[in-house]
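Structure first, then comments.
All values reported here derive from a predicted model rather than from experimental measurement.
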Amino acid sequence: MLFTKQSFDAFAFETLEERMEKIRSEIQPVFQTIGEAAIPLFEESCQDPFYLHIAQHRRRTVYPPAETWAGIGPNKRGYKMDAHFQIGINQEYVFVWLSVIDQPKNQATIAESWLAQKELFDQLPADFTLSPDHTKYDHSPIAKWPTYLERLQKVKKSELQIGKIFPKEMIEDVEMADILAVYQTLLPLYHARLSALKEEQ
């Protein structure tokens, strides 16, 4: 078992110190376990080393984080400068994403590469979802991808996260294979954006 219903209890603590203590003891070890299982999948598929970056929330001094996450990508220094994989949790659900957030320099190139291979989105499972803002809980059905993808291409401050959420109520049925299956399904999109970047160089 990975996450449990008790994993969500961290978000019931109101102070930064208490919540971070729970995140470090109850959630970050799960991120580490998932990262260790997922990285070989990414490395075999992409033929590049991948690195796990667990959010430490060090900039926070008063308010506790409403969610916590880990990013996985091929850059040892960080993950937000490009599309990357995420695993995370908030008080409502666990999320497994392919993410383009915080305005990476290649954002338009990524969007254009995906718009050029729309069939990759049509092939995604119906229970996948989209999030246009990593700071909010809003998410939409995967069928709405054309609107969000065009926005990612044209609006500099836009974001897009693609993947699957696992609600708190069903989390104890979620196994490692379920999470890895989401990543496996997202890999063709990751490869499409990787090919576009190499052509650009």
Enumerate donor-acceptor pairs with a distance under 3.5 Å from any side-chain N or O in residues 14-21 to protein atoms, sequence neighbours excluded.
from, atom 1, to, atom 2, distance (Å)
Thr15, OG1, Glu18, N, 3.2
Thr15, OG1, Glu18, OE1, 3.0
Arg19, NE, Phe13, O, 2.8
Arg19, NH1, Pro65, O, 2.8
Arg19, NH2, Phe11, O, 3.2
Arg19, NH2, Phe13, O, 2.7

Could you tell me whether the side chain of Thr129 and the main chain of His139 form a donor-acceptor pair under 3.5 Å?
no
Return the CG to CD1 distance between Leu52 and Ile87, rounded to the nearest 0.5 Å.
10.5 Å
Tell me, please, which residues at least two apart from Phe31 pass ring pair (Phe, Tyr, Trp, His ring centres under 6.0 Å).
none
Which residues satisfy the side chain to side chain contact (heavy atoms under 4.5 Å, CB included) test with Pro29, sequence neighbours excluded?
none
Begin with the C-alpha distance, continue with both residues' side-chain angles, and end with the deciding distance and a verdict on side chain to side chain contact (heavy atoms under 4.5 Å, CB included) for Ile89 and Ser7.
CA-CA 9 Å; Ile89 183 173; Ser7 302; 4.0 Å; yes
For Gln32, which residues count as a side chain to side chain donor-acceptor pair (under 3.5 Å) partner, sequence neighbours excluded?
Glu36
Compare all side-chain heavy atoms of Leu2 with those of Ile171 and state whether any distance is below 4.5 angstrom.
no
Between Gln153 and Glu112 (side chain of the first, backbone of the second, donor and acceptor by atom type, cut-off under 3.5 Å), is there such a pair?
no
Between CG of Leu186 and CZ of Phe85, what distance do you get to the nearest 0.5 Å?
6.5 Å
Non-neighbouring partners of Asp9 that pass side chain to side chain donor-acceptor pair (under 3.5 Å), sequence neighbours left out:
none
Checking one residue: Val62. Which other hydrophobic residues are in its cluster under the side-chain 4.5 Å linking rule?
Tyr63
Ring pair (Phe, Tyr, Trp, His ring centres under 6.0 Å) partners for His134, two or more places apart:
none
Can you get from Met170 to Ile34 by hopping between Ile, Leu, Val, Met, Phe, Trp and Tyr side chains that sit under 4.5 Å apart?
yes
Can you tell me how far the CG atom of Leu115 sits from the CG atom of Leu152, to the nearest 0.5 Å?
8.5 Å
When you look at Ile162 and Phe121, which way does the side chain to side chain contact (heavy atoms under 4.5 Å, CB included) test go after all the steps?
CA-CA 10 Å; Ile162 309 155; Phe121 281 87; 3.8 Å; yes
Donor-acceptor pairs under 3.5 Å, side chain of residues 173-185 to any protein atom, not counting sequence neighbours: which ones?
from, atom 1, to, atom 2, distance (Å)
Asp178, OD2, Glu175, N, 2.8
Tyr183, OH, Gln86, O, 3.0
Thr185, OG1, Ala181, O, 2.8

In Å, rounded to the nearest 0.5 Å, how long is the span from CG of Leu189 to CG of Leu124?
5.5 Å
Once you round to the nearest 0.5 Å, how far does CD of Gln117 lie from NE2 of His191?
11.5 Å
Provide the full list of side chain to side chain donor-acceptor pair (under 3.5 Å) pairs with a residue in residues 66-78, sequence neighbours left out, each pair given once.
His57-Thr68, Trp69-Tyr79
Within one Ile-Leu-Val-Met-Phe-Trp-Tyr cluster: Tyr51 and Ile54, side-chain cutoff 4.5 Å
no
Are Phe166 and Phe3 an aromatic pair, judged by ring center distance below 6.0 Å?
no
Run the side chain to side chain contact (heavy atoms under 4.5 Å, CB included) check on Trp145 and Trp114 step by step: do they pass?
CA-CA 10 Å; Trp145 67 261; Trp114 288 345; over 6 Å; no
Which residue pairs pass the salt bridge (charged side-chain N to carboxylate O under 4.0 Å, His left out) test with at least one member in residues 122-135, sequence neighbours excluded?
Asp127-Lys164
Between Ala83 and Tyr190, what is the shortest heavy-atom contact and its length?
O-CE1, 3.6 Å
Reported CG-to-CG distance for the pair Asp82 and Asn106, which is rounded to 0.5 angstrom
4.5 Å
Distance-only, no hydrogens or angles: does the Gln28 side chain make a donor-acceptor pair with backbone N or O of Ser25 under 3.5 Å?
no
Sequence-distant partners of Thr4, side chain to side chain donor-acceptor pair (under 3.5 Å), two or more places apart:
Gln6
Keeping Gln107 on the side-chain end and Lys156 on the backbone end, is there a donor-acceptor pair under 3.5 Å?
yes
How close do Leu130 and Pro141 get, heavy atom to heavy atom, and via which atoms?
CD1-O, 3.7 Å
Distance-only check: which donor-acceptor pairs under 3.5 Å involve side-chain atoms of residues 91-103, not counting sequence neighbours?
from, atom 1, to, atom 2, distance (Å)
Tyr93, OH, Tyr137, O, 3.3
Ser99, OG, Gln161, OE1, 2.9
Asp102, OD2, Lys80, NZ, 3.2

Evaluation steps, side chain to side chain contact (heavy atoms under 4.5 Å, CB included), between Glu172 and Lys5
CA-CA 7 Å; Glu172 293 186 354; Lys5 289 183 178 178; 3.8 Å; yes
